[in-house]
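Note sheet for the following structure.
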Amino acid sequence: MSGTVQERVYLHKQIETMDLRELKDMQLKKLKAVVDRALRTEWYAGVLGKAGIRSGDDIRSLDDLRKIPFTAKNDLRDAFPSGLLSVDRDEIVRIHASSGTTGIPTVIYHTQGDLDNWTALTARSLTATGCTKKDVLQNMMSYGLFTGGLGVHYAAESIGMMVVPAGSGNTQRQFKLMKDFQTTTVHATPSYMLHLHSKMEDFGIRREDLKLARALVGAEPHSEDIRKKIEHLYGIDVYNSYGLSEMNGPGVAFECTEKQDMHLWEDAYIMEIINPETLEPVKEGETGELVLTTLDRVGTPILRYRTRDLTSVNPRPCPCGRTHRRIRRIIGRSDDMLIINGVNVFPSQIEEVIMGMNETGTNYQIVIEKNGALDRMIVKTEVSRELFSDNQRDLERLKQCIQDNLAVSISIKPKVELHQPGVLPVSEGKAVRVIDNR
Ligand code: ADP
Ligand code: ZN
């Protein structure tokens with residue numbers, strides 16, 4: 001919906017449109033302060049001490065950031081439970097934890113100030129997608145330790161939206177709430193949006209029954225084709241939302257109404273993109289691992305956090321006027337990469353092929369097994385009901401076609417299985433796409 005008036009509405013205009021030089025000055029000032037706070041934690045006192053950093057004043061320029069060692073997810077686990085706490089426990093008002101997609105979860109302690117800052121960043125993000133107090137937001141992310149629930153909840157309330165705290169799952173009730181309260185905006189994982197749509201007919205819901213205008217989707221990697229698919233199925237605008245619990249949760253980077261890459265809020269985070277093998281910065285615009293430093297965090301300051309998420313910077317100015325640089329869609333995690341008989345494959349490459357075809361449905365799964373000494377990959381995908389009841393030959397042809405397209409994209413010809421809608425498992429949280437049985 002570019003070109004609308006709402007597009008030019010900013011929640012924090014002065015900061016969102018700040019000159020990059022000014023933004024950098026602000027970053028340096030905040031970086032010194034957060035290093036001082038980090039030195040008050042047991043963990044960073046050790047790590048920074050070894051690197052010869054004894055006070056924030058040892059950081060004289062933004063380039064000095066590179067003197068600070070990286071922090072990895074395992075470091076957060078090693079520092080568990082309180083090695084990263086920089087204030088008295090009395091100052092802490094809430095904890096959050098990551099979903100544990102890749103192992104033991106990590107814990108972040110928030111002061112009231114931390115929560116207020118997070119709310120402000122997320123509220124700024126919602127505003128950038130055109131949300132206003134007139135909107136009704138149905139939050140279909142799970143409430144609890146996971147940050148997608150409470151994070152967006154408080155942000156939406158803070159800008160006066162009416163929030164329907166539905167939580168995840170219970171598809172039939174989601175529809176009922178959407179109808180009864182005239183939900184205009186939903187917050188969900190992209191895979192859940194697709195699942196929800198596949199159930200509309202079963203529950204007798206027509207598109208006209210719903211007032212839905214936009215969906216904010218995040219928490220898992222998804223392709224541009226998935227966005228288009230969701231937009232087309234519901235006739236709405238879909239915005240990509242990126243965040244991680246270590247950096248608060250939602251509200252780290254968000255698309256504006258231009259729908260072209262996500263503004264990463266550089267007044268709150270310093271971003272770097274590094275080559276995950278050499279750990280050196282990549283050239284601007286090249287793909288690498290995103291590394292983030294919290295600038296405002298008080299409870300659990302985190303410096304140079306290796307997110308393992310692969311992305312690149314789009315350095316071009318955005319027509320919306322926001323100066324904060326944009327990151328491109330996350331293509332996966334550096335540890336998502338599958339090695340199949342020596343060939344490197346990212347699940348996102350397979351998704352792109354499947355979602356790019358009209359015949360294939362909304363859900364898919366990748367299974368990897370040992371076949372003697374070799375690896376075997378099976379790609380399972382759902383196809384529409386009509387297609388399934390058609391003759392066998394069409395299905396065979398489609399299978400062939402998927403195989404050929406995959407062979408072009410990933411240089412592997414996996415076995416392809418077609419299933420009826422609703423057969424493959426759906427997850428209420430983050431989708432589990434890869435089953436590695438090797
Ligand atoms: P976990 O690391 O256990 O999944 P989180 O709940 O903190 O814990 O999830 C954060 C991670 O989710 C990010 O590091 C990233 O891998 C993924 N993620 C979040 N939002 C997006 C998005 N919009 N696109 C792709 N991946 C995302
Ligand atoms: Zn923009």
Side-chain angles (χ1 to χ4, degrees), residues 2 6-10 13 16-17 72-74 76-77 96-108 118 122 124-125 127-130 141-142 144-152 168 187-191 193 215-224 226-227 230 238-266 289-292 302 305-311 314-336 346-348 351 427 429-433:
S2 19
Q6 284 188 343
E7 176 188 356
R8 306 295 173 218
V9 173
Y10 312 97
K13 181 160 189 203
E16 290 176 58
T17 59
K73 194 149 193 149
N74 267 337
L76 302 190
R77 288 173 185 146
H96 272 288
S98 70
S99 339
T101 309
T102 57
I104 315 162
T106 54
V107 178
I108 304 298
W118 176 20
T122 312
R124 179 197 291 178
S125 309
T127 306
T129 68
M141 293 285 197
S142 76
L145 288 171
F146 177 61
T147 54
L150 293 174
V152 166
S168 64
H187 177 223
T189 59
S191 52
M193 287 307 289
L216 316 172
V217 302
E220 62 189 22
H222 56 288
S223 55
E224 187 61 36
I226 288 217
R227 180 225 300 271
I230 301 171
V238 172
Y239 298 97
N240 194 1
S241 146
Y242 170 78
L244 59 164
S245 59
E246 293 82 358
M247 296 291 126
N248 288 343
V252 174
F254 232 93
E255 281 180 343
C256 63
T257 43
E258 293 295 321
K259 281 196 223 162
Q260 181 72 60
D261 307 326
M262 300 175 278
H263 290 284
L264 191 138
W265 302 124
E266 296 187 88
E289 178 180 340
L290 178 66
V291 172
L292 293 171
I302 300 184
Y305 182 65
R306 291 189 59 181
T307 65
R308 299 190 281 191
D309 293 325
L310 298 173
T311 183
N314 171 357
R316 283 191 303 277
C318 184
C320 78
R322 292 178 180 82
T323 47
H324 300 233
R325 287 173 303 161
R326 288 170 291 168
I327 56 167
R328 300 197 171 94
R329 201 171 274 292
I330 309 287
I331 58 172
R333 304 198 197 208
S334 52
D335 44 8
D336 264 355
F346 278 101
S348 57
E351 175 177 304
S427 142
K430 298 178 188 240
V432 180
R433 302 293 197 191

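Atoms within each ligand, like the ligands themselves, are counted from 1 in listed order. Please read all numbers here as calculations on a predicted model, not as lab measurements.
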Within the 4.5 Å heavy-atom criterion, are [X] and [Y] side-chain neighbours or not?
{"X": "K73", "Y": "R306", "result": "no"}
{"X": "Q260", "Y": "C318", "result": "no"}
{"X": "T257", "Y": "Y239", "result": "yes"}

Min N/O separation [X] to ligand 1 under 3.5 Å:
{"X": "T147", "answer": "no"}
{"X": "H222", "answer": "no"}
{"X": "V217", "answer": "no"}

Give the numbers and elements of all ligand 1 atoms closer than 4.0 Å to a heavy atom of [X].
{"X": "F146", "value": "6 (O)"}
{"X": "N240", "value": "22 (C), 23 (N)"}
{"X": "G218", "value": "23 (N)"}
{"X": "K73", "value": "2 (O)"}
{"X": "S241", "value": "20 (N), 21 (C), 22 (C), 23 (N)"}

Quick check: closest heavy atoms across R322 and C256, and the distance to 0.1 Å? NH1-CB, 3.8 Å
For the student: nearest non-hydrogen atoms of S348 and I331, plus distance: OG-O, 2.9 Å
Using atom types as modelled and distance alone, determine if a side-chain donor or acceptor of [X] lies under 3.5 Å from a backbone N or O of [Y].
{"X": "R326", "Y": "R316", "answer": "yes"}
{"X": "T122", "Y": "P250", "answer": "yes"}
{"X": "T323", "Y": "E16", "answer": "yes"}
{"X": "E246", "Y": "I302", "answer": "no"}
{"X": "H263", "Y": "H324", "answer": "yes"}

So between M262, E220, K430, whose heavy atom ends up nearest atom 12 (O) of ligand 1? K430
Between the candidates S245, P221, G243, which shows the shortest non-hydrogen contact distance to atom 25 (C) of ligand 1? P221
Of R227, E351, R329, the residue whose pairing with H222 passes side-chain hydrogen bond (donor to acceptor under 3.5 Å, both in side chains): R329
So which bit of L244 gets within less than 4.0 Å of ligand 1, heavy atoms only: side chain, backbone, both or neither? both
Taking ring-ring contact (aromatic ring centres under 6.0 Å, His included) as the definition, give me every residue that meets it alongside H187, ordered by chain and number, with sequence neighbours left out. none
Ligand 1 contacted by R308 (non-hydrogen, < 4.0 Å): no
Distance below 2.8 Å from the Zn ion (ligand 2): protein N/O/S atoms: C256 SG, H263 NE2, C318 SG, C320 SG
